[in-house]
Structure formats: C-alpha cells, structure tokens
Amino acid sequence: MQLVLLAGELGEKYGQQHEYYNLQTPADAIKLLCINYPALKNELVEAHQNGVGYKVIQGGAAMGYDELLLPFGSKPLLVVPVITGSGGNGVGQILLGVGLVALAVLNPAVGFGLGGAVGFGAGAVGAATAATFGASLVAAGGTLGIGLMLSGTASLISPQPQLPNSGAGRIKGQGTRVRGEGPSGITRGASGIESYAFTGPANTVGTGATLPVIYGRVITGSHLLAANLEISDDSDPLLMATQTPGLNTLTINGQKLTRKFESLGGLDSKLGVRDVNSTNEDKKIRIEETFGDSGSDKLLQPGEIIFADGLDYKSGKSKRKNIDVLFEVIRGLYDYVGEPGTTKIDGFITYEITLTVSVSGEDIEAAVARGTLQGLVNETQEFSFGHRLEIPKIKDGRRVKVDVEIIDVGANDRTKLKVQGYGYNLI
C-alpha cells in the first residue's frame, strides 16, 4: 500500500488520506488523483492565477518536477498548497499545479501512449521493431509535451523585465530597471527580527482523533486556547519602540540609507539632498506636491500618483545618466504594533518612479524604479532623500516626464511624503 496525503484546503475538499497500490512514481499519484477528482485537476490548473503553488514532499524533502518521475519510495507522499509571491524564483521547490497536471498527463510512464498505432515490418522482428519505435515516440512525445508545458509555466513564476515596444529604432542603450524588495520583517513594517515565542510542537489534529498514551518523558503539543504576553526591558520598561528612533534606522530596499551616495538594492540613493528652490526647465523642475492632503492627516492611499511634465531632455551621456528625483518625509516615519499609542515599529512606503521621454507626441518609457523606504523616525524629525535614474539615448527626445505612484503603505496616518522635484545632478 502507498499513502498519499493532501494538506490544507485540498484535504478538506478531496479527503486528507488516499491509499493506492503499485504506484511507480509520484506522478502516478497525481494522475490518479486527477482521474478520481476532476475538480481537483481543474483547481491545480488554475491555482497559479490565485497565487497558489504546491510543495510535493516525501521523506521530509520537497521534490522538483524531475524528481516526480523517480520511484515512489516507501514514505507517504504529501501535497501541500503554498501561497506564492509575484515573480518568485522557485526557492523551496514550489511547483505550479498546471505543471503537476502536465507532468502526470503527458509523462509516458503514466499513460501518454501510442500503443499499437505505430507498426511496420513483418513477423517477430517487425513486431519488436514496431514496439521499440512506438516506445521511442511515446518517450519523445511525453518529454516534448512536458518540456513545452513546464517552460510555459516557468514564465509565470519568473517574469523577466521587458523593454518597452514603443519607440522602436529610436532607443540606444538601456535605462534604469529596478524592482526593489518590499518591507522586511515578519509583519508589515516590523523591525525584521523574528519572534520565537510560539515555536515548538503544536497539535493540529481535529476532533475525534485517537489520543496516544504516553510513557516516559516526551515533547508533545497541545491546542492553544489563549495567550498573554508581557514584554519588559530594563532600559525601556514600557517598550515604547522596537528600536531607538532616528535617521540611522532608515533603509531603501532593505539596505541602510546614509548620506553617502550608493546603490541600495539596485537603486542609487542618498540621504539629504539639496532643495529644488526654483523652476528651471533646462536643469530642474520643482514639484513640491505631497502624498496626503495638506488639510488631512490621512496618508495618500496606494494607487495615487503625482505627475510632472516639463524637464528638457538632454541627449548627452553625462546628463541623461544623472536624472535625480528628490523626496521629503514630513512628520516622521513609523507605525504602531496595534492601536495608536502602542509600541512603535518601523513604518514603510513603497513607491514606483517612472521616467518617460516625449518624441513627436509619443511618450516612450525610459526608466522604471521601485523602492521601499523603511525606518523608525519620530514626528519631530523631517528628512529628505533622493534617487538617481538613468535613461537611454532617445532620438529626437524632447521632454522628460516623471510620475511617482504609491504602491503600498504601512505608516502612521500623520506621515507625509513630498515629491520635491527632479532634474539633472541634484544629489
């Protein structure tokens, strides 16, 4: 007997435990499950659209697609749904459901066969040759089908940045293309230090399960009904903040932001920049627009955009490689672990900068950079910072436009983010 276990919602919908006999490979198990439960097959095929992948585990080790074709083994096979990110890198052998179905259906060892459809020659030799040739086609067809399916699904979990299609023939070189990391920490805006308060064995079985009789000294789990934590610190008995607030806590894309101009997560950045005091379309454009209405304490919500149009395009290499976008943070940057007045934790703002160049009425996307500012800074501290982007050489380019979009926010409602301006060599 061979045991297949479905975890999470899969187990709730299709049963947690399935017994089979004479399975050759884990792919056999996937196929039989799809045959017995057509709804399961449909769910696997569409799961990636909802950000769900799967781990297939046997003997405590997560398996890759190729390992699903190895002999089944003596241990139970466990299929676990896993929430995936956008454009992951496949760490931890997270597999797509559509890939599992492709492997099970198209693999020659589990039913992709031509049988006696191919044959030539006569007598025993002809039959043997036909069988051999047919088997070769089966293997080739299965391998080709699996390769096509898995290569298609790979692009779903590993999207690659593409150059814009517009402006074909006009662009020479490559502009900035940065997709920075989001906020660090187990929870949004947390300090990034993991908590081990609830690690250890836990009883996850439901009602009606058999209770074991324990002899000797063991470590066993239990159902957690309620918990109360009291945190104390000799230097800060009330734990007003997870770390000492200040500008030294600031990071861009998870790397420390300082007054030294350097690349942070691929995005050239610097703490403390010059103000854009006036509008000069030849060198700089003053914007001075704030995310979060001046008459409200509400930080602007994700999806809102500040846009500016007017900087003259400079085709010279020394100019277009040094287009700076300047920001200012007003009323600090922090969040609360719970309600206002509870322990302060890091706040964060994730934003995206897009530079476009106008050419004869057409706007060509020249550079895109996404960054996450994170830190714990009190309301009494205001600070400025900037990023430097590069755009390629664009034939007949006239104006450089910028828009800044808020992607995600985890900060106190009083925090304001101001876009000061943009221009050449302002950092």
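Just so we're clear, the structure is a prediction, and the values are computed from it rather than from any experiment.
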Are the side chain of Thr343 and the backbone N or O of Val337 linked by a donor-acceptor pair below 3.5 Å? no
Give the intermediate values and the outcome of side-chain contact (heavy atoms from CB on, under 4.5 Å) for residues Leu247 and Arg259. CA-CA 10 Å; Leu247 299 183; Arg259 298 187 182 277; 4.1 Å; yes
Considering only heavy atoms from C-beta outward, does the side chain of Asp28 approach that of Phe72 to under 4.5 Å?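 Not in contact.
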Which pair of heavy atoms, one from Phe385 and one from Leu271, lies closest together, and at what distance?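 Between these two residues, the closest heavy atoms are CB-CA, 4.2 Å.
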Kindly say whether Gly64 contributes a backbone atom to a donor-acceptor pair with the side chain of Glu67 at under 3.5 angstrom?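 Yes, Glu67 side chain to Gly64 backbone: donor-acceptor pair under 3.5 Å.
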Taking CD in Gln16 as the centre, count heavy atoms belonging to other residues, nucleotides or ligands within less than 6.0 Å. Is the count above 12?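 No - once you tally the heavy atoms of other residues, nucleotides and ligands closer than 6.0 Å, there are 12 at most.
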Taking all non-hydrogen atoms of both residues into account, name the closest pair between Ala366 and Val357 and its distance.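 Nearest heavy atoms, Ala366 then Val357: CB-CG2, 4.0 Å.
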Throw together a table of side-chain donor-acceptor distances under 3.5 angstrom for residues 348-355, partners on residues two or more places apart or in other chains.
unit_1 : atom_1 : unit_2 : atom_2 : d
Thr350 : OG1    : Thr372 : OG1    : 2.8
Tyr351 : OH     : His387 : NE2    : 2.7
Glu352 : OE1    : Arg370 : NE     : 3.2
Glu352 : OE1    : Arg370 : NH2    : 3.0

Could you tell me the separation between the NE2 atom of His48 and the CD atom of Glu46, rounded to the nearest 0.5 Å?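 Those atoms lie 8.5 Å apart.
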Passes side-chain contact (heavy atoms from CB on, under 4.5 Å), Leu33 versus Tyr20? Steps please. CA-CA 10 Å; Leu33 286 170; Tyr20 294 114; 3.4 Å; yes
Would you name the heavy atoms of Pro81 and Val52 that are closest together and state the gap between them? CB-CG1, 4.3 Å
Are side-chain heavy atoms of Tyr313 and Ile391 found at a separation under 4.5 Å?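 Yes; the side chains approach each other to less than 4.5 Å.
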Could you tell me whether the side chain of Leu426 reaches within less than 4.5 Å of the side chain of Val273, counting heavy atoms only?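 Val273 vs Leu426: side chains apart.
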Are the side chains of Ile406 and Ile306 in touch, meaning some heavy atoms are under 4.5 Å apart?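 A side-chain contact under 4.5 Å is absent here.
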Can you sort out the partners of Glu382 under salt bridge (charged side-chain N to carboxylate O under 4.0 Å, His left out), two or more places apart, ordered by chain and number? none
Working note: Leu77 + Leu23, criterion side-chain contact (heavy atoms from CB on, under 4.5 Å); need CA distance, chi angles, decisive distance, verdict. CA-CA 11 Å; Leu77 187 73; Leu23 294 177; over 6 Å; no
Donor-acceptor contact present, side-chain Arg331 to main-chain Glu379, <3.5 Å: no
Nearest 0.5 Å, what's the CD-CD distance between Gln374 and Gln255? 13.0 Å
Residues that Lys401 engages under salt bridge (charged side-chain N to carboxylate O under 4.0 Å, His left out), provided they are two or more places apart: Asp309, Asp363
Mind listing the closest non-hydrogen atom pair of Phe383 and Leu250 along with its distance? CE1-CD1, 3.6 Å
Measure the spacing between CZ of Arg388 and CG of Leu267 and express it to the nearest 0.5 Å. 11.5 Å
Other residues, nucleotides, ligands: >12 heavy atoms within 6.0 Å of Lys256 NZ: yes
Within-4.5 Å side-chain heavy-atom neighbours: Leu10 and Tyr37: no
Go through it in stages, so that I can follow the logic: the residues are Ile364 and Ile394, the test is side-chain contact (heavy atoms from CB on, under 4.5 Å), and I'd like the CA-CA distance, side-chain angles, deciding distance and then a yes or no. CA-CA 9 Å; Ile364 299 175; Ile394 300 176; 4.0 Å; yes
Would you call Phe327 and Leu373 a side-chain contact if the rule is heavy atoms closer than 4.5 Å? no
Distance-minimising heavy-atom pair for Asn253 and Gly371: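 Residues Asn253 and Gly371, closest heavy atoms: OD1-CA, 3.3 Å.
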Compare every heavy atom of Lys284 with every heavy atom of Leu311, then report the nearest pair and how far apart it is. CD1-N, 3.7 Å
Classify the side-chain pair Lys344/Asn378 by whether it contains a donor and acceptor separated by less than 3.5 Å. yes
Would you say Thr251 and Leu257 make side-chain contact, with heavy atoms under 4.5 Å?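 Counting from C-beta outward, Thr251 and Leu257 never come under 4.5 Å.
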How long is the straight-line distance from CG of Leu376 back to CG of Asp346, given to the nearest 0.5 Å?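 Reported to 0.5 Å precision, the distance equals 5.0 Å.
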Can you tell me how far the CD1 atom of Ile285 sits from the CG atom of Leu326, to the nearest 0.5 Å?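 The CD1 atom of Ile285 sits 12.5 Å away from the CG atom of Leu326.
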Among Leu389, Asp324, Val325, which one satisfies side chain to side chain contact (heavy atoms under 4.5 Å, CB included) with Tyr422?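 In the set Leu389, Asp324, Val325, the residue that makes a side chain to side chain contact (heavy atoms under 4.5 Å, CB included) with Tyr422 is Val325.
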How many angstroms lie between atom CG of Leu96 and atom CD of Gln49, to the nearest 0.5 angstrom? 11.0 Å
Within the 4.5 Å heavy-atom criterion, are Val402 and Ile287 side-chain neighbours or not?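 They are in contact (side-chain heavy atoms under 4.5 Å apart), so the answer is yes.
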